[in-house]
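As a basis for the values below, the full set of heavy atoms in this structure was taken, side chains included, without hydrogen atoms, waters or symmetry mates. Bear in mind the structure is a predicted one, so any value in this text is a computation, not a measurement.
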Amino acid sequence: MKLGYLDLTLFLVILTLGAVILGKYIAAVFSGRLKFLAIIEGPIYRILGRAASDEMSWKEYTVALMIFNIFGIIILFTIQLIQGVLPLNPAHMAGLSWDLALNTAISFVSNTNWQAYSGESTMSYYTQMIGLTPQNFFSAATGLSVLVALIRGFKNVENDKLGNFWRDLTKSVLYILLPVSVIFAIIFVNQGIPQNFSAYQNVNLVEVQKIAKSPDIKTQVLPMGPIASQESIKMVGTNGGGYFNANSAHPYENPTPITNLLEILAMLIIPAALCFSFGRMIGDRRQGYALYIAMTIIFIVMTLLIMNAELKGNPLFNTLHVDQAQSLFQSGGNMEGKEARFGVLGSGLFASATTAASCGAVNAAHDSLMPLGGFVPLFLMQLSEVVYGGVGAGLYSIIVFAILSVFIAGLMIGRTPEYLGKKIESFEMKMVAIIILVVPFIILCSTALSVIIKPGLDGVSNPGAHGLSEVLYAFTSAANNNGSAFAGLNANTVYYNLLLGLNMLVGRFGVIIPLLAIAGSLANKKSIPVTEGTMSTSGGLFICILIGVIIIIGALTYIPALALGPVVEHLLLYTQ
Amino acid sequence: MHIVIKNMHAIRYYYIRFLKFAMSSHKVKLSLDKRIVFNALSASIKKLNPIYQVKNPVMFVVYLGSILTSGLGILSLAGYSMGGSTGFIISVALWLWFTLLFANFAESIAEGRSKAQADSLRNAKKDVTAKKLRANNASNIAKSRDFELVNATVLRKNDMIFIEAGDIIPCDAEIIEGCASVDESAITGESAPVIREHGGDSSSITGGTKLLSDWLVAKVAVNPGESFLDRMISMVEGAKRQKTPNEIALSILLTALTIVFLLVVVTLLPMSVYSVKANHSGIPITITALVALLVCLIPTTIGGLLSAIGVAGIGRMMEANVIATSGSAVEAAGDVDVLLLDKTGTITYGNRQASNFYPVNGVDKKDLVKCCYQSSLADETPEGKSIVLLAHKYDLTKEDMGDKSQMEFVEFSAQNRMSGVNFENTEIRKGAADSIKKYVLAHNGKCPVEAMDIVESISSRGSTPLLVAKNYQVLGVIELKDVVKESIKEKFDELRRMGIKTVMITGDNKLTAAAIAAEAGVDDYLAETTPEAKLFKIREYQQMGHLVAMTGDGTNDAPALAQADVAVAMNSGTQAAKEAANMVDLDSSPTKLIQIVEIGKQMLMTRGSLTTFSISNDIAKYFAIIPAVFASTYPALNILNIMHLKTPESAILSAVIFNALIIVALIPLALKGVKFKPLSANQLLLRNFLIYGIGGVILPFIGIKLIDMILALL
């Protein structure tokens, strides 16, 4: 466990330092101070013409965003359907079924990257490169744009213009996502992740595999490709869609404990940095620190919980006298479904980070986590992905919780609530209500439906409490745009493809649209000066209240479901 | 006719008494008036009408749950059980009905108390007689006395009335002719009469006050039913009571939470069915248990008390003798962070006090002091008393004091603007510089230049000079100084800690204003104020995002009052001021603004604290209900039964009973409001968070356990 503390501490120090620096940079990008890529930016804006020059109201901003995203879904859907006749398809992959294509299109556009297929046997190079990869950038850039629009909503004084979506999108990709992913890609190459366009390699095995009644296996096909760069944006954009089906458990995606730590860093760095950018952009850095601290506290507690649960190992093994202790020679704990090079701690940290950020990349089988270990990723997603969260999405979601906290706590000081100088009134509360309703609504209804009707139950491979956890996990992951899978659930059916697609769509845009409405409404308001009578939203007390609201709203909604899933599983395991 | 007038006095007297009584402390009323409680009980049953219930989504869910469980109970009695024992289902149904009744009761009792006040006000308004002029022509009216006696309720706007010394003014009116002193003590509590005259800001007279001298011709300013009293009556009766903006926003949140929990509970059934099938043991959760879980989880505590808190907020304003024209005004009062305060009466004692005597032309100071003392002996005004007090410091002998019984005192009147004393051959007068000067010159006396110089220098430092003359010779000058109230500095410090800025408004010159501002510790001041300057200042603060409160009385205050976020008009002020304001202070007390802000804050705090409490309660309820409802499927979950509740049924029932009883237990808090302390925002937050947040987590664990123990005994 000591090693775990050390890992975690070291990681948090690096994350914080990196986030502070990157945060300053991002703030500078959106303030328009940085222009070193004007050569590329300029022509893009010229092509877009007036669309890229006019300041937009929240409605115009939303329309532009929706057009862009719907367009993205249509293009991606079409590419997948007709990939058989498109170029760059040496393996002659056929077009996908319509439901899978639709599910995948929504999945990549909504920054979920839920994969109901395995990449190496389904997608052509063309689909991967022209279809999926750009969406890794665009979906993250969409999240960033929404956040920037929201920040402008807080900053504006009686001015309803939230900026220009096309410009925000362009800046996000050019100045932030591309450079950061290039840096990580270079480090990944250095660490041994392949980055080439070579054909798949046929190599001789060191040890011949003997299988009864079959010829000996002497060679193996090694897949190649531009993996390092794909890996980089998969993490940096909190996408999580793996190059290989094994995702970050695959040695080519994640070869060493160092790349493991770097990948965790990559998926948290932008969401964490945005806290600091936020503070700078609204002109009160402490506001950003407060959100960062709140996120980090939840993250530490959850990570320690999963590390602890996994380190303890499986109690059923103890009766079989299996040594599960951590030592110099073995990482110990519950090693089922984990890679030996990461061990329990590296896998635990990865699992909590990938569900904290709405990344969804995995380096271990979450289905094989201990019940309490599996509870952690599930719960982190159910908190609406606010602990760092997706690029942009994490911060704008925690701001919704901050508004909610301010509303409840703010009244206790005898004033109508305000956040960052803006009064929180009924319109904002209406939108906040929609946001906190829409995600639980879609998750709970889908889960309940799936455990009683046949198409739903058909996909469940493990009956019992664990089966419920699997279904709940799938919908929670989809609706919160995480994309990680608990496995065990056969989700590539028309029923699950469509229902999960709906979950992703609602979970993404059911939050973004009301959020932009809040931004528009706030932008039109006066800014109230800070006095002694203003409730501080950067102090320790507010951080506690914010954490309380996040946990209570998250927990109160899912407690019964969690009780019937991982909690009872855990209790049953330990009482058997 | 004389008798009629006499009777009218008596009626007027009782009207004022009654008004005062109606406005008196709620605490007394709550314990005394059983009728309110009784009426509230019957009203809470009447409010079970679905048309009424549907207005409150949280309680409507409880309502539907009550009907559903009652139906299940009846079915169960008839032998068609849908799960659970009959006794259990009926108990849950009963307690759900109680939950509803308790919430209705809270609202009814808050309304009942306001309604009782409104009723007594309405009763008091009857049977008042006025002298209505036959001709709407004021000329020579005092001599012609051509009026008829009518009931005050038939008076309409623009009717002319005649009032003479001894009369009680029948309604709010505007003086057309005449000048008189009016005793407003019934409303203001101030015994010193005030001068009301035609023209200027003191031309408005208020119904219920008494004319002491002279006569007036006045024009009725409002129709019956349009006065603030009437507006208040209609408001407290609920007909015009609308939800305030913050109440609406909070209702949205509460509704959202209710829907979330509805979702949780509705989706729990299939999950439970799945678990039972998967585990091959136990029975799925019953409908009764689901309804119980739902009602416990939705924020019924705040949902049930929300409207009571709003009504009680307006009620507390009335306790403070402030009539708010809307609930939103009360709410805005809590948000105010800039107070525009009139210097006179708020920061300084409205009455100036003697601070020095200045003899002129070589007059012995002792002589001057002696004359001042004698002339003020019978002067009951605060100024007069202060002169006597100051004179005592000059070691006057018994002889100096003179024989009071031999003296004939001349009282201050609106016309001559001076007072004094006549005895033996002496005639002493003191008064405003110009009046004394005129008086002295009229009697061939002289007004020395030295005296006028002193007068000027006193005026220039913001004090008031009084000239003193004996036998038409000016002896010297008394300086009356504005004295800053003793406790005001601390009050302002308190306000500052609460984040409220104070701005002093004064007609004084900048030097004087700066000196008083520094002494009183206000944050800002506005000297040589004109109505335009006031309006501009308010706009300036509002531009910076502040919410501004002010008090005003004059017609020229009306634009500023209309601009301010919280505008309190003095009841003694002009009709225009009252129209522009959103609150009227019956006491016309300048310091009332501070109290109004506190009441506004208190109402919001109560709302927030009970919301926090209500949500925090859910944690314990989960621990009670979740292990109970799934006990048959997963006995392992009993580990979560940390309260060790006896049986699953008693656990659910205990949670439901706690949920109902907590509403009753919190009614007094909802009505009285949470304790207000002038602390900074963060201290307040910590305090209320610990009490209502943390307390809200812990209390139900204890409460539910206790109820479970009692149920086990039964």
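Interface remark: A/Phe407 contributes side-chain atoms only to the contact with chain B (heavy atom separation under 4.5 Å). Neither the backbone nor the side chain of A/Val439 comes within contact range of chain B, judged by heavy atoms closer than 4.5 Å.
The closest side-chain heavy-atom distance from B/Met271 to A/Leu468 is below 4.5 Å. By the 4.5 Å heavy-atom criterion applied to side chains, B/Leu604 and A/Ile413 are not counted as neighbours. No side-chain heavy atom of A/Leu449 sits under 4.5 Å from any side-chain heavy atom of B/Pro270.
By number of non-hydrogen pairs under 4.5 angstrom with chain B, the leading residue of A/Val567, A/Val549, A/Ile545 is A/Ile545. Note: A/Ile559 leads A/Ile452, A/Ile559, A/Ile436 in heavy-atom pairs under 4.5 Å with chain B. The candidate with the highest count of non-hydrogen atom pairs below 4.5 Å against chain A, out of B/Pro245, B/Ala333, B/Gly608, B/Gly693, is B/Gly608. Heavy-atom pairs under 4.5 Å with chain A were tallied for B/Ala278, B/Ala636, B/Gly334, B/Ala681; the largest tally goes to B/Ala681. When each of A/Ile434, A/Val432, A/Leu437, A/Ile528 is scored by its heavy-atom pairs under 4.5 Å with chain B, the top score falls to A/Leu437. By number of non-hydrogen pairs under 4.5 angstrom with chain A, the leading residue of B/Leu640, B/Val629, B/Val266, B/Leu250 is B/Leu250. The candidate with the highest count of non-hydrogen atom pairs below 4.5 Å against chain B, out of A/Pro529, A/Gly467, A/Gly410, is A/Pro529.
Atom CG of A/Leu541 sits about 4.5 Å away from atom CG of B/Leu685, to the nearest 0.5 Å. Separation of atoms CD1 (B/Ile248) and CZ (A/Phe427) is listed at 14.5 Å; rounding is to 0.5 Å.
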Show the numbers, then the answer: is there a side chain to side chain contact (heavy atoms under 4.5 Å, CB included) between A/Ile553 and B/Leu257? CA-CA 9 Å; A/Ile553 298 293; B/Leu257 286 176; 3.9 Å; yes
So which donor and acceptor atoms of chain A and chain B come within less than 3.5 Å of each other?
unit_1	atom_1	unit_2	atom_2	d
A/Leu411	O	B/Met605	N	3.4
A/Met412	O	B/Asn688	ND2	2.7
A/Thr416	N	B/Asp335	OD1	2.6
A/Thr416	OG1	B/Asp335	OD1	3.1
A/Thr416	OG1	B/Asp335	OD2	2.3
A/Gly464	O	B/Tyr274	OH	3.1
A/Thr531	OG1	B/Gly499	O	3.3
A/Glu532	O	B/Ala681	N	3.3
A/Gly533	N	B/Met498	O	3.4
A/Ser536	N	B/Asn682	OD1	3.1
A/Leu556	O	B/Tyr622	OH	2.3

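Annotation for B/Ile252 and A/Ala433: closest pair CG2-CB, 4.0 Å, computed over non-hydrogen atoms. Smallest separation of non-hydrogen atoms from A/Ala563 and B/Leu637: O-CD2, 3.9 Å.
Each salt bridge (charged side-chain N to carboxylate O under 4.0 Å, His left out) pair with one or both residues in residues 549-560 of chain A, not counting sequence neighbours, would appear here, but there are none.
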